[in-house]
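These values consider heavy atoms only, across backbone and side chains, with no hydrogens, waters or symmetry-generated copies.
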Amino acid sequence: MRAIGQDVLGGVEVLKEIELERPEPGPTEVLVRVHAAGVNPTDWKHRALGIYLTPPFVLGWDVSGVVEATGVGVTLYKPGDPVFGMLTYPQGAGAYAEYVTASSRHFVRKPDNIDHVQAAALPLAGLTAWQALVDTADLRAGQRVLIHAAAGGVGHLAVQIAKARGAYVIGTASAPKHALLRGLGADELVDYRTADFAETVRDVDVVLDTIGGEYGPRSVRTLRPGGVIVSLTPRDSRVAGTPGVRSEIMLVEPDHAGMKEIAALAASGRLRAELDTVLPLEQAGRAHERGETGRTTGKIVLTVVP
């Protein structure tokens, strides 16, 4: 099968089109023919730094495709079923390929009202947002949530999930992205280029920090007593030591229940991915270059089956 792999760490030039043996599904696994694969910041970070992976490897965790075969014990799906989901993070990377295998419960059925490109944009970023806001912070109706980089891959999905939960949503983003975010449901927006959110935002129940660095300590100033800050990057010690504030660091996990929630929101029209760039698999390097500009809005997706 065709795949995009790398033998060494480095820039986009290390990504090469390669041929691999098609995998076979083991017990409780499904073989999925990949139609589209999502691209996330963790992809280019692993490409350059390795982090949890050692070359050679094939990157990618977001998959949307069609079940080709099932292993012993699988009851949820049959060949021909359209599914989408997230491969085991971080060791289960491999979505930049024509076929993948994974536990059947890492996938859910793709809603009929979204195509494979849209579906491939949702799993990793959508689960990150869901697990941060719902599972970790227990965001409830009427609460106030501050979402940093609200127009980013995780951020713009978090805005929609928070609104679906009945929260009041405040986001940080550059001014040109405010119209999009208002369309997704954001109630209040701060242009980080011209205003300091730490001086203008108050009485927040939950902060989703997707950026790190100084954003964590500054965000603490926006929280009401007993508030929660969930960080997707290593937290500053000044955050962890703040009295009256709960601070958590979160790493996304495969999650069948969470994926069912994501699928239900997508099926109802309350969750959609904004697509920044869609490219064919062989242009994975260009996709990484686009992502590394730090100026994307929403998600990048690779198409595997035309």
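Residues passing the side chain to side chain donor-acceptor pair (under 3.5 Å) test with H116 are S64, sequence neighbours excluded. Among residues two or more places apart in sequence or in another chain, the side chain to side chain donor-acceptor pair (under 3.5 Å) test is passed with R290 by D276. With sequence neighbours excluded, the residues satisfying side-chain contact (heavy atoms from CB on, under 4.5 Å) with D138 are R140. Taking the side chain to side chain donor-acceptor pair (under 3.5 Å) definition, one finds that Y168 meets it with E188, sequence neighbours left out.
The shortest distance between side-chain heavy atoms of L157 and L271 falls below 4.5 Å. Annotation: side chain of L279 is not in contact with side chain of V39 (no heavy-atom distance under 4.5 Å). At least one side-chain heavy atom of F107 sits under 4.5 Å from a side-chain heavy atom of V63. Two residues are said to be in side-chain contact when any heavy atoms from C-beta on lie closer than 4.5 Å; H156 and T297 fail this criterion. Counting heavy atoms from C-beta on, the side chains of R47 and E292 come closer than 4.5 Å. Looking only at side-chain heavy atoms (C-beta outward), V228 and V230 come within less than 4.5 Å of each other. For the pair L53 and L59, the minimum side-chain heavy-atom distance is below 4.5 Å. The side-chain heavy atoms of L31 and V67, taken from C-beta on, include no pair separated by under 4.5 Å.
At a threshold of 4.5 Å between side-chain heavy atoms, the hydrophobic network of Ile, Leu, Val, Met, Phe, Trp and Tyr places V83 and L302 in one connected group. Linking Ile, Leu, Val, Met, Phe, Trp and Tyr whenever their side-chain heavy atoms come within less than 4.5 Å leaves V66 and L76 in two separate clusters. By the criterion of side-chain heavy atoms lying less than 4.5 angstrom apart, applied directly or through intervening Ile, Leu, Val, Met, Phe, Trp or Tyr residues, I147 is not grouped with V190; the two fall into different hydrophobic clusters. The cluster map of Ile, Leu, Val, Met, Phe, Trp and Tyr, joined by side-chain heavy atoms under 4.5 Å apart, puts L223 and V206 in different clusters. There is a path of hydrophobic side-chain contacts, each under 4.5 Å, that joins V134 to V108.
V239 approaches S247 most closely through the heavy-atom pair CG1-OG, 3.5 Å. Smallest separation of non-hydrogen atoms from A173 and L181: CB-CD1, 3.6 Å. Across every non-hydrogen atom of V159 and G185, the tightest pair is CG1-C, 4.3 Å. Closest non-hydrogen pair, A167 versus L139, comes out as CB-CD2, 3.8 Å. Minimum interatomic distance between K110 and I114 (heavy atoms only, all atoms of both residues): NZ-O, 2.7 Å. Of all heavy-atom pairs between G216 and I229, the closest is O-CD1, 3.9 Å.
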Derivation of the side chain to side chain contact (heavy atoms under 4.5 Å, CB included) call for I170 and V145: CA-CA 6 Å; I170 307 164; V145 57; over 6 Å; no
Verdict with supporting geometry, E248 and S231, side chain to side chain contact (heavy atoms under 4.5 Å, CB included): CA-CA 6 Å; E248 303 284 358; S231 301; over 6 Å; no
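Interatomic distance, D255 CG to R105 CZ, rounded to the nearest 0.5 Å: 12.5 Å. Note that NE2 of H148 is 5.5 Å distant from OG1 of T172, once rounded to the nearest 0.5 Å. Note: T277 OG1 to I300 CD1 = 5.0 Å, rounded to the nearest 0.5 Å. Taking CG from L146 and OH from Y215, the interatomic distance works out to 9.5 Å, rounded to the nearest 0.5 Å. Annotation: the span from D135 atom CG to E253 atom CD amounts to 9.0 Å, rounded to 0.5 Å. Atom-to-atom distance recorded for L127:CG and M250:CE is 8.5 Å, nearest 0.5 angstrom.
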Return all side-chain donor-acceptor pairs below 3.5 angstrom for residues 193-200, not counting sequence neighbours, or 'none' if the list is empty.
residue : atom : partner : partner atom : Å
D196    : OD1  : A198    : N            : 2.9
D196    : OD1  : R218    : NH2          : 2.8
E199    : OE2  : R221    : NH2          : 2.4

For residues 13-30, tabulate all N or O donor-acceptor pairs below 3.5 Å that involve a side-chain atom, not counting sequence neighbours.
residue : atom : partner : partner atom : Å
E13     : OE2  : G11     : N            : 3.4
K16     : NZ   : E13     : O            : 3.1
E29     : OE1  : G26     : N            : 2.7

Output side-chain donor-acceptor pairs under 3.5 Å for residues 260-268, partner residues at least two apart or in another chain, one line each.
residue : atom : partner : partner atom : Å
S268    : OG   : A264    : O            : 3.3
S268    : OG   : L265    : O            : 2.9
S268    : OG   : R270    : NE           : 3.0

Could you list the donor-acceptor pairs under 3.5 angstrom formed by side chains in residues 86-101, with sequence neighbours left out?
residue : atom : partner : partner atom : Å
Y89     : OH   : T42     : OG1          : 2.6
Y96     : OH   : D43     : OD2          : 2.6
Y96     : OH   : H288    : NE2          : 3.0
E98     : OE1  : R2      : N            : 2.7

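Side chains of T303 and H35: no donor on one and acceptor on the other come within 3.5 Å.
For E274 and K177, the salt-bridge test fails: no basic side-chain N is under 4.0 Å from an acidic carboxylate O.
Side chain of H106 to main chain of A102: no donor-acceptor pair is present (N/O by atom type, distance under 3.5 Å, no hydrogens or angles). Side chain of K45 to backbone of L49: no donor-acceptor contact under 3.5 angstrom is found. With hydrogens and angles disregarded, no donor-acceptor distance shorter than 3.5 Å links the side chain of Q131 to the backbone of T136.
Listed by first then second residue, pairs satisfying salt bridge (charged side-chain N to carboxylate O under 4.0 Å, His left out) with a partner in residues 152-171 read K163-D187, not counting sequence neighbours. The list of salt bridge (charged side-chain N to carboxylate O under 4.0 Å, His left out) pairs with a residue in residues 294-306, not counting sequence neighbours, reads D62-K299. Pairs passing the salt bridge (charged side-chain N to carboxylate O under 4.0 Å, His left out) check and including a residue from residues 200-213, sequence neighbours excluded, read D205-R224. Listed by first and then second residue, the salt bridge (charged side-chain N to carboxylate O under 4.0 Å, His left out) pairs that reach into residues 75-95 are D81-R109, sequence neighbours excluded.
Taking the ring centroids of W61 and H46, they lie under the 6.0 Å cut-off.
More than 12 heavy atoms of other shown residues, nucleotides or ligands fall within 6.0 angstrom of atom CZ in R246.
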